[in-house]
Amino acid sequence: MKGILKIFSTTLLLIFSLSSCSDFEEINTKPDAFTSEEVSAKYFLTGIQIELYAPNRYPYWRAQLIHADRFAGMFTFGFNGCWWNDGLAYSYSGGYTDASYDWMASYVSKLSVYQNFVKEGGDLENENYYALGLIMKGLYYQMYTDTFGMVPYTEASNPDIITPKFDTQEEIYRGVIADLDRAMEIIGSQTETGTGVELLTSNDLFFNGNLQQWKKMANTLKLRMALRAQGATGADFAETAISEALSNPLLSEEDDNALLPKDIEISQWANAAYGDVWHNFGGRGSKWKVGKTVVDYLRDNNDPRLPHYAEPIMGGEVTFTKPAEGSGVALFDKYVDFILEQLDNAGVSYTRTDSGDEVVINVSDEEPYYVGQPTRLNGDIYPHVKYELFSAPAEWIVNPKNSGEPIFPEVVMTAAEGNFLQAEAIVKGLGSGDAQTYYQNGIAEAMKIWNVGQDEIDNFLATEDMSLLNGSMEENLEKIAIQRWLAAYTDGFEAWAIVRDTGYPVELANGVSDYDLYSAGTLNGEYPQRMRYGNQEYNTNGANLEAAIQIQGPDEQGTELWWAQN
């Protein structure tokens, strides 16, 4: 994705020019300024796409990796050598939470600047760009409200209101779906945003300016939100929205994927990637492993995505040493047996030698082994969670910038999602058609994103039970949820929402109970349902926040959201 730096520079100049002049006639009097014929909203769209899906390293590290990706069971900390045990974030930390909340809450101001430029009467008035802003607003608010619950919405963009009220999730979902409908109505049958400088192409990092693909994404988001709301108290709009969405085009084919490409040169302080944390923090301390639940579902179902998601374990000789004192003495055998159980379940071949206070294993190097690290391990077992015994993310995910190596893009919304949502609606009796076909199409599209070959895809669909909706309604819904969750790998916010919404995978949704091994955190072992609000919100908008808490429930990670599974 070359040229983003130039786009950012251009955008900054545009902001300066537009904010320092009262109208475009004044701009034209400056020989070094942009003329009205040279200025377009397309230069601003790029920035709001990046800021939502690949912000700078500070929130990317704290919001995506420390919270969402790990609550989703995708990544884990807590191996020997990591700076933290895997209980991090399950025990509330104001510093990490504040960074996450402040980033997400502040995005609305950037979005509002864009919408004010392109709305009717705005300096860059353009109805098509306004429609794209409504869709970006929908993507944002779905992520925002599904992370925290009640948030400022109806008053958030009003410049005359400094302390906006918090709206219920029901109100936000209704409003977003109405905005998506408006955006799709504006786009209609158009394919382009305009002509000349108004023509959107490479500045659009999702679809290269194709309005019909934006329209499909809006409709797919509508279907996602309506299915999530369906069954929640007061969600009388959901089934109508589901029916409407199913009757219109959705993201369904490979060309429909909204994937934000990663620029391999741009600074981590403008556009972050996993590699900026993986490599730039130094050593093993900040690195992470792939979660056990992800690896188990892929490995145990012969899913060809496994080597694309994760690296084989390093293996070799590993020594477990009994501590001289503390609780770890009595639990040493339990800890070692637990770690070795993970290897046994993964079919790892190794030898074991017990000698005094040590257990030494030597892992065979005859074949690659994939072993996911259990999620949420506590600090007591930390010395025995060996880096060499668990799979790291695939290089494509954590490649460094300026190395000439590709970097996996940010997942915004995919054709796989569009197919899975249709299958889910049909299984629930809310739509018609062949759920099996949509389900298998979803699997195929999810695999293509990870460069899985067509022969491997065909073999999986022909031979694996996981590719078949051949059970009861609930069993089929579980399979769809698992596949949606797997397809959201590296999109932790949506993967986490899927677990809370569907209750699958149950291995995550059920939380933990054996505190010899796992971290209870401030949740008493329960699965996190939301993130807490940031302290800045208490300081600047405390009365409205407290009013929201009275409606939603305590500002705790265990408070369920409006649509959550009970």
Side-chain angles (χ1 to χ4, degrees), residues 61-79 82-101 104 143-151 169 228 288-289 291-294 327 338 372-382 385 481 485 488 492-535 537-538 545 548-566:
W61 164 233
R62 289 160 176 78
Q64 276 86 346
L65 189 53
I66 288 180
H67 286 98
D69 290 332
R70 293 179 49 259
F71 288 168
M74 300 295 180
F75 297 138
T76 61
F77 296 143
F79 55 79
C82 183
W83 291 340
W84 306 275
N85 70 64
D86 206 39
L88 181 68
Y90 293 94
S91 293
Y92 167 72
S93 168
Y96 294 129
T97 298
D98 285 356
S100 307
Y101 184 82
M104 203 173 288
M143 183 192 299
Y144 188 20
T145 188
D146 286 357
T147 301
F148 297 99
M150 292 181 65
V151 293
Q169 285 198 285
R228 188 160 291 163
W288 56 94
K289 296 293 184 177
K292 170 181 169 61
T293 312
V294 174
S327 60
F338 175 78
Q373 182 180 308
T375 295
R376 206 166 163 175
L377 295 180
N378 64 31
D380 295 328
I381 195 174
Y382 171 92
V385 186
W485 172 76
F493 283 105
E494 183 56 24
W496 177 32
I498 290 167
V499 180
R500 290 174 289 155
D501 175 31
T502 67
Y504 299 114
V506 294
E507 297 91 333
L508 298 170
N510 287 348
V512 298
S513 58
D514 187 344
Y515 302 142
D516 287 345
L517 303 171
Y518 299 102
S519 174
T522 51
L523 295 161
N524 295 318
E526 294 182 356
Y527 188 68
Q529 297 296 315
R530 61 181 290 275
M531 287 179 63
R532 290 172 59 167
Y533 297 116
N535 284 303
E537 195 73 42
Y538 279 97
L545 192 156
I549 291 171
Q550 294 303 310
I551 298 170
Q552 179 169 274
D555 186 15
E556 298 172 355
Q557 290 176 311
T559 297
E560 289 188 342
L561 300 185
W562 167 65
W563 44 254
Q565 287 284 313
N566 294 311

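As the structure is a computational prediction, the values presented were derived from the model and not from experiment.
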Practice item. Begin with the C-alpha distance, continue with both residues' side-chain angles, and end with the deciding distance and a verdict on side chain to side chain contact (heavy atoms under 4.5 Å, CB included) for V151 and M104. Key: CA-CA 11 Å; V151 293; M104 203 173 288; over 6 Å; no
Review point. Roughly how far, to the nearest 0.5 Å, is the CG atom of N535 from the OG1 atom of T97?
Key: 8.5 Å
Review point. Passes side chain to side chain contact (heavy atoms under 4.5 Å, CB included), Y515 versus D380? Steps please.
Key: CA-CA 10 Å; Y515 302 142; D380 295 328; over 6 Å; no
May I ask you to test the [X]-[Y] pair for a side-chain heavy-atom distance under 4.5 Å?
{"X": "W562", "Y": "M150", "value": "no"}
{"X": "N378", "Y": "Y90", "value": "no"}
{"X": "I498", "Y": "W496", "value": "no"}

Point to revise | Passing candidate, side chain to side chain donor-acceptor pair (under 3.5 Å) with R530, options T145, T559, D555, T147 | key: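 Testing R530 for a side chain to side chain donor-acceptor pair (under 3.5 Å) against T145, T559, D555, T147 leaves exactly one candidate, D555.
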Classify the ring geometry of [X] against [Y]: parallel below 30°, tilted from 30° to 60°, perpendicular beyond 60°.
{"X": "F75", "Y": "W288", "result": "tilted"}
{"X": "F338", "Y": "Y518", "result": "perpendicular"}
{"X": "Y101", "Y": "Y533", "result": "perpendicular"}

Check your understanding: Under the ring pair (Phe, Tyr, Trp, His ring centres under 6.0 Å) criterion, do Y527 and F71 qualify, and how do the steps go?
Key -> CA-CA 8 Å; Y527 188 68; F71 288 168; 7.3 Å; no
Exercise for review: Check the pair Q169, D146 against side chain to side chain contact (heavy atoms under 4.5 Å, CB included), reporting the backbone distance first and the verdict last.
Suggested key: CA-CA 8 Å; Q169 285 198 285; D146 286 357; 3.6 Å; yes
Review point. Where do L88 and Y96 land on the side chain to side chain contact (heavy atoms under 4.5 Å, CB included) test, with the steps shown first?
Key: CA-CA 10 Å; L88 181 68; Y96 294 129; 3.6 Å; yes
